[in-house]
Protein chains: 2
Amino acid sequence: MSAMRMNEGVEWAAHACALLALLPEGKALSAAALAEFHELPRAYMAKHMQALAKAGVVVSIKGPRGGYRLARPADAVSLWDVRVAIEGPGPDFRCQEIRRNGPCPSHDTGKPCTIAKAFWDAERAYQAQARSVAIADIVASLAAGVNPARAERFNTWLAANT
Amino acid sequence: MSAMRMNEGVEWAAHACALLALLPEGKALSAAALAEFHELPRAYMAKHMQALAKAGVVVSIKGPRGGYRLARPADAVSLWDVRVAIEGPGPDFRCQEIRRNGPCPSHDTGKPCTIAKAFWDAERAYQAQARSVAIADIVASLAAGVNPARAERFNTWLAANT
DNA sequence: GGGGCCTTACTCGGATATCATATGTCCGAGTCATGGGGG
DNA sequence: CCCCCATGACTCGGACATATGATATCCGAGTAAGGCCCC
């Protein structure tokens, strides 16, 4: 049995958000540009950007020179926000209340299923950790060990795509 | 985009382990019995029990009066063990190192991808929480509000299926 | 009556179908920049 | 020379295929219990 895999789009979306955080005020990046920057399939990246937009993480601008911008400051967008936007809001573990089935059901107590509660606690721990990291932190970490030549190259690319 | 769903077999397996924890010494429960107890598809439950056996969470006994037993004391089997047995060991988030792609790759620094690190930290938090809950805790919680009539019925079923 | 062997039925284990969801793609609706014409 | 408008191209957004993995099932290999025969 292979491991539960998180939607790869989460990684793409997180990197895209980090990129958007570096945009000058009033500028935008198209889905095509965001895809090209990491050599990803354009159409599929576009789909994930749609999800981010629908979740309110980014805002979309139509027409020429349009594209996407972060909807909030980079320190107000957490990795959890990105995950929820791409993977959806519901809990990972879904209790089907199978304890109520079968010859010896145990649902007399109104209490929630202990197993479900335990997994949901774990999910909350995950969520807390993911909430504590913002796109701004990612950007700061990337900017830490930046090479001047690469920075120039990046600025050139940015100017050519905004 | 719908939410990432954990394999439903994890819930089944956890309940099954709780049931196995109540077995008298030297007895076993067949996959069919475990399935029937919660009204689950027999063959599919069997598949999940195989996964638990392969992961070393339970041991299997073939032949008449055979079935499954916990491989360790109930307080030495955590919900994390069950999850790993069913969902597989690998991490949820898989970093594809897309930062190395595209026109402006940023892999000069030997450091790991910050995004991947953040998600892996969150997974560790999840894991720590899930590790802290054992099958024994589940059983204790279930036994807390037990009805004498139901207990009798359960013992009857157990005697008929071991 | 006791012990050993054979039969037999019961169990797991993996190979095999089916189906939902993630992955990947495409075209139409909407919108802003641009360029031309008029004042 | 400046403003307004029509045009056009560029953007997103959702509808449409495909591939991968989860869900569900079945049959064969192995084994321990139980009965039967022999001593």
Side-chain angles (χ1 to χ4, degrees), chain A residues 1-13 16 20 26-36 39-69 71 83 85-88 90 92 94 96 98 161-162, chain B residues 1-13 16 20 26-36 39-55 57-69 71 83 85-88 90 92-94 96 98 161-162:
Chain A
M1 188 84 52
S2 87
M4 175 177 65
R5 248 180 39 194
M6 181 185 292
N7 191 322
E8 66 185 346
V10 174
E11 183 183 6
W12 301 4
L20 292 179
K27 300 285 187 173
L29 273 176
S30 73
L34 289 167
E36 179 194 305
E39 285 181 358
L40 300 171
R42 298 189 177 190
Y44 197 20
M45 171 57 99
K47 186 175 174 70
H48 289 314
M49 294 311 296
Q50 283 176 40
L52 285 177
K54 190 171 280 187
V57 173
V58 302
V59 293
S60 67
I61 300 167
K62 291 190 170 184
R65 294 290 177 179
Y68 293 97
R69 290 189 303 116
R83 181 200 182 277
I86 303 299
E87 293 276 351
D92 180 7
R94 317 289 184 85
Q96 305 185 233
I98 62 173
N161 285 279
T162 49
Chain B
M1 190 82 53
S2 85
M4 175 177 66
R5 249 178 41 191
M6 179 185 292
N7 193 321
E8 65 185 346
V10 174
E11 184 183 5
W12 301 4
L20 291 179
K27 300 285 186 173
L29 273 176
S30 72
L34 288 167
E36 178 193 308
E39 284 181 359
L40 299 171
R42 298 188 177 192
Y44 197 21
M45 170 58 98
K47 186 174 174 68
H48 289 313
M49 294 311 296
Q50 282 177 41
L52 285 176
K54 190 170 281 186
V57 173
V58 302
V59 292
S60 67
I61 300 167
K62 293 189 170 184
R65 294 289 177 181
Y68 293 97
R69 292 189 302 116
R83 182 200 183 277
I86 304 298
E87 294 276 352
D92 180 6
F93 182 92
R94 316 289 184 86
Q96 305 185 232
I98 63 173
N161 286 278
T162 49

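The chains referred to below are lettered A, B, ... by the order of the sequence lines, with proteins before strands, and numbering in each begins at 1.
- Put simply, CE on A:Met45 is 13 Å from P on C:dT25, counting in whole angstrom units.
- A:Ile86 contributes atom CD1, which lies 10.5 Å from atom NZ of A:Lys47 (distance to the nearest 0.5 angstrom).
- At a threshold of 4.0 angstrom between heavy atoms, the contacts of B:Arg42 with the nucleic acid are absent.
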Expected string for nucleotides 9-16 of chain D under the B/S/- scheme (protein heavy atoms, under 4.0 Å, primed atoms plus P, OP1, OP2 as sugar-phosphate) is -BSSBB--
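- Put simply, CE on A:Met6 is 11 Å from P on C:dT23, counting in whole angstrom units.
- Between the CZ atom of A:Arg5 and the P atom of D:dT20 there is a distance of 10 Å, rounded to whole Å.
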Give the C-alpha distance, both sets of side-chain angles, the deciding distance and a yes or no for side chain to side chain contact (heavy atoms under 4.5 Å, CB included) between B:Arg42 and B:Glu36.
CA-CA 7 Å; B:Arg42 298 188 177 192; B:Glu36 178 193 308; 4.2 Å; yes
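- Of all heavy-atom pairs spanning A:Arg69 and A:Gly26, the tightest one is CD-C, 4.5 Å.
- The closest donor-acceptor contact from the side chain of B:Glu87 to the backbone of B:Asn7 lies under 3.5 Å.
- Distance CZ/A:Arg83 to CZ/B:Phe93: 11.5 Å, rounded to 0.5 Å.
- Rounding to the nearest 0.5 Å gives a distance of 7.5 Å between CE of A:Met45 and NE2 of A:His48.
- In this structure, NE2 of A:His48 is placed 10 Å from P of C:dA22, rounded to the nearest angstrom.
- What separates CD1 of B:Ile86 from P of D:dA24 is a distance of 14 Å, to the nearest Å.
- To the nearest angstrom, C1' of C:dT21 lies 12 Å from CD of A:Glu87.
- Protein atom CD of A:Glu11 is 15 Å distant from nucleotide atom C1' of C:dT23, rounded to whole Å.
- Between the CG atom of B:Asn7 and the P atom of C:dC19 there is a distance of 19 Å, rounded to whole Å.
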